[in-house]
Participant: 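Quick one: the structure is below, questions incoming.
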Amino acid sequence: MLDPRLIRSELEQTAAKLASRGFTLDTAAVEALEARRKDVQVRTQDLQAERNTRSKSIGKAKAAGEDIAPLMAEVGKLGDALKAAEQELGEIQAEMEAIMLGVPNLPHDSVPVGKSEEDNVEIRRWGEQISFDFETKDHVDVGEGLGQLDFDTAAKITGSRFAVMSGGIARMHRALTQFMLDLHTTEHGYTETYVPYMVNRDSLRGTGQLPKFAEDLFKLEGEQNYYLIPTAEVPVTNIVRDVIVEADYMPRKYVCHTPCFRSEAGSYGRDTRGMIRQHQFEKVELVQVVRAEDSYQALEDLTGHAETVLQRLGLPYRVMALCTGDMGFSSAKTYDLEVWLPSQNCYREISSCSNFEDFQARRLQARWRNPESGKVELVHTLNGSGLAVGRTLVAILENYQQADGSVKVPEALLPYMGGLTVINKA
RNA sequence: GGAGGGGUGGCUGAGCGGUCGAAAGCGGCGGUCUUGAAAACCGUUGAAGGUUUGUAGCCUUCCCAGGGUUCGAAUCCCUGCUCCUCCGCCA
């Protein structure tokens, strides 16, 4: 959520910035609503003040043993007007909040302006694009060839966009999460965290998935209205919801491995083959809670932490700065990490690292006590995948495939593979 | 699933329906004292919002959340959430 003061005092500039990311703010409607709000709020508060003073005088008169009947008659008339004003104010505020909850974050000044994916800017590359002197298979053919990756069985068990893994591939999948968790906890200073995989609406509203993106989520039946998490970002970032932390809490760095569940509604034709886009996948997520002045350095650091995973695994990648038109709803700045997939002869997203500034913090009421100012201030939140495990597995199957159909185990994973150095057909 | 008891400011913990935004203690901050520190003493110390040129004043709201009763609710009623204790069940 944006600072409401921007809407009040810098409406046009704010609308212009939002337009750069393809969002149209109805400034006339906002302005009109804001004018009404001002009027009705002042009126309501005046009435409340009057009621309070009169009620107090009744209390005093009663204590003094005076006749309170005339005072009662006077205040009685206030009731209806006050009730009506309060209701109107409540409606206006709800309307304003509904609008504000649907407004995306403002892009940071350093974000390239653009309309779509095409306008994203490559920041750097790492590693050599691999080419094979044999026919390159994609991860589906590699995995199925090994008899350890099975989409048909998954489709029978559940439906499309699921996978069954077994043997060495399943082991490598597990090894990847262990490797990533160990790397981030021991070398990058993150605290390992375990969280619920189902969350309530407040949490989803806090990080920005609700109310706007309900169709991307799996909702559970039952009275509780729980949702399956689409990313660990939701439960982990919500650790600081409704909390005022002390200064020494920050910087706070959490790493968390969870499954993620996404309905992928609206992506019907896309990536239907293989495990690039699944309803269920594992992810190791990095989350940081920092002071405002530190958040852009933190974004660089966090992105670097995710890159380290790819480097250790020897997977070629590039870093993209997303343009204004391609960024997620809550983000002020995002770097995507894209890994090289030889079968597609292109780079595919494997991590997304974002600085949300105070956008999530305002929704979350996540704040800290600044000893210098003595004031309570909003924290800044960031997160990034470090990495998406399923896609990392895909990248390894493709980049480490060998002529005989086997897959070499990357050196960094050897300690986690129980002696397995090559994945062969079972 | 059954029975019972709680949810109050950073923390602990009081609070006959009427100056209660809330006693007291702890903690924090400032000061006195001290060579310095501790102790002691004094003072201070919640958040959100509105009005406003204003970090000045004034006003509103907030004692888990949402309804209700009342001129007036932290205090009474209802619903929900949540925590604790005991019993049952269970990985």
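All values below come from the heavy atoms of this structure, side chains included, with hydrogens, waters and symmetry mates left out. Here is the naming used below: chain letters follow the sequence lines, and residue numbers restart at 1 for every chain.
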Participant: Would you measure the distance from the P atom in rC83(B) across to the matching atom in rC90(B) and give it in whole Å?
Facilitator: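 Nearest-Å result for rC83(B) against rC90(B) at atom P: 23 Å.
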Participant: Any side-chain donor-acceptor pair under 3.5 Å between Glu264(A) and His279(A)?
Facilitator: no
Participant: Quantified in whole Å, what is the P atom distance between nucleotide rA65(B) and nucleotide rA73(B)?
Facilitator: 16 Å
Participant: Select one nucleotide: of rA48(B), rG50(B), rC59(B), the one nearest the side-chain heavy atoms of Val376(A).
Facilitator: rA48(B)
Participant: Give none if rU85(B) has no partner; otherwise give the nucleotide forming a Watson-Crick or G-U wobble pair with it, both distances under 3.5 Å.
Facilitator: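 rA3(B) - that is the nucleotide pairing with rU85(B), both distances being under 3.5 Å.
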Participant: Under a 4.5 Å cut-off applied to non-hydrogen side-chain atoms, are Leu220(A) and Tyr227(A) in contact?
Facilitator: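 No. Closest side-chain heavy atoms not under 4.5 Å.
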Participant: For atom C1', what is the distance between rU61(B) and rG9(B), given to the nearest Å?
Facilitator: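 Their C1' atoms lie roughly 16 Å apart.
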Participant: Using the side-chain heavy atoms of Gln41(A), tell me which of these nucleotides is nearest: rU51(B), rU60(B), rG49(B).
Facilitator: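 From the listed options, rG49(B) comes nearest.
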Participant: Roughly how many Å apart are rC16(B) and rU12(B), using the C1' atom of each and rounding to a whole number?
Facilitator: 24 Å
Participant: Using only modelled atom types and a 3.5 angstrom limit, is any donor from either the side chain of Lys62(A) or the base of rG18(B) paired with an acceptor on the other?
Facilitator: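 In this structure, the two groups form a donor-acceptor pair.
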Participant: Does the side chain of Tyr296(A) pick up a donor-acceptor pair with the side chain of Glu357(A) at under 3.5 Å?
Facilitator: yes
Participant: How far does the C1' atom of rA39(B) sit from the matching atom of rU34(B), given to the nearest Å?
Facilitator: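 My reading of the C1' atoms in rA39(B) and rU34(B) gives 11 Å.
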Participant: So, OP1 or OP2 of rU19(B): does either fall under 4.0 Å of a side-chain N or O from Arg54(A)?
Facilitator: no
Participant: Starting at CZ of Arg363(A) and ending at C1' of rA48(B), how long is that distance when rounded to a whole Å?
Facilitator: 18 Å
Participant: Could you tell me how far apart Asn52(A) (CG) and rC62(B) (P) are, to the nearest whole angstrom?
Facilitator: 9 Å
Participant: Would you indicate what Asp46(A) reaches in the nucleic acid, counting non-hydrogen atoms under 4.0 angstrom: base, sugar-phosphate, or nothing?
Facilitator: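 No contact at all - Asp46(A) keeps every heavy atom at 4.0 Å or more from the nucleic acid.
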Participant: Measuring only the C1' atom in each nucleotide, how far is rG28(B) from rU85(B)? A whole number of Å is fine.
Facilitator: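 35 Å, rounded to whole Å.
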Participant: Between Pro4(A) and Thr44(A), who's closer to the 5' end of RNA chain B by nearest nucleotide?
Facilitator: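 Result of the comparison: Pro4(A).
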Participant: Taking rC58(B) as the reference, what is the distance to rC63(B) when you measure between their C1' atoms (whole Å, please)?
Facilitator: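 Nearest-Å result for rC63(B) against rC58(B) at atom C1': 24 Å.
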Participant: rC71(B) P sits how many Å from Asp80(A) CG, rounded?
Facilitator: 11 Å
Participant: Atom CZ of Arg369(A) and atom C1' of rC11(B): how far apart are they, to the nearest Å?
Facilitator: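 Rounded to the whole Å, the gap is 12 Å.
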Participant: Where each residue is assigned the nucleotide of RNA chain B containing its nearest heavy atom, which of Gln48(A) and Glu34(A) is assigned the position nearer the 5′ end?
Facilitator: Glu34(A)
Participant: Output all residues satisfying salt bridge (Lys or Arg N to Asp or Glu O under 4.0 Å) with Arg262(A), sequence neighbours left out; order by chain, then residue number.
Facilitator: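 Salt bridge (Lys or Arg N to Asp or Glu O under 4.0 Å) check on Arg262(A) returns nothing, list empty.
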Participant: Counting only Watson-Crick or G-U wobble pairs whose two distances fall under 3.5 Å, which nucleotide matches rG66(B)?
Facilitator: rC78(B)
Participant: Less than 4.0 angstrom between a side-chain N/O of Arg367(A) and OP1 or OP2 of rA48(B), yes or no?
Facilitator: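 Arg367(A) to rA48(B) OP1/OP2: side-chain N or O found under 4.0 Å.
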Participant: Under 4.0 angstrom, heavy atoms only, what part of the nucleic acid is Arg362(A) near: base, sugar-phosphate, or nothing?
Facilitator: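 Result for Arg362(A) = nothing.
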Participant: For rU35(B), what is the paired nucleotide under Watson-Crick or G-U wobble rules, both distances under 3.5 Å?
Facilitator: none
Participant: Does rC20(B) pair with anything, Watson-Crick or G-U wobble, both distances under 3.5 Å, and if so, with which nucleotide?
Facilitator: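 Partner of rC20(B): none found under 3.5 Å.
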Participant: Parallel, tilted or perpendicular: which describes the rings of His188(A) and Tyr190(A), with under 30° parallel and over 60° perpendicular?
Facilitator: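 Ring orientation, 0 to 90° scale: perpendicular.
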Participant: Give the rounded distance in Å between these two atoms: CZ of Arg51(A) and P of rG17(B).
Facilitator: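 Arg51(A) atom CZ is separated from rG17(B) atom P by 20 Å.
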Participant: Tell me if the centroids of the rings in Phe261(A) and Tyr197(A) come within less than 6.0 Å of each other.
Facilitator: no
Participant: How many whole angstroms separate atom CD of Gln365(A) from atom P of rA48(B)?
Facilitator: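 One finds 8 Å between P of rA48(B) and CD of Gln365(A), rounded.
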Participant: Going by heavy atoms in the side chains, are Arg312(A) and Glu187(A) under 4.5 Å from each other?
Facilitator: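 Yes, their side chains come closer than 4.5 Å.
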Participant: Please give, in whole Å, the distance from rG17(B) C1' to Lys60(A) NZ?
Facilitator: 18 Å
Participant: Taking atom P in both rC84(B) and rU19(B), compute the distance separating them and give it to the nearest angstrom.
Facilitator: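 Between the two P atoms, the distance is 35 Å.
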Participant: Who is the Watson-Crick or G-U wobble partner of rC58(B), with both distances under 3.5 Å?
Facilitator: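 By the stated definition (distances under 3.5 Å), rG50(B) pairs with rC58(B).
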Participant: Select one nucleotide: of rG49(B), rU51(B), rC59(B), the one nearest the side-chain heavy atoms of Lys38(A).
Facilitator: rU51(B)
Participant: Provide the Watson-Crick or G-U wobble partner of rG10(B), both distances under 3.5 Å; none if there is no partner.
Facilitator: rC26(B)
Participant: Between atom CD in Gln45(A) and atom C1' in rU60(B), what is the gap in whole Å?
Facilitator: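 So the CD-C1' distance, Gln45(A) to rU60(B), works out to 4 Å.
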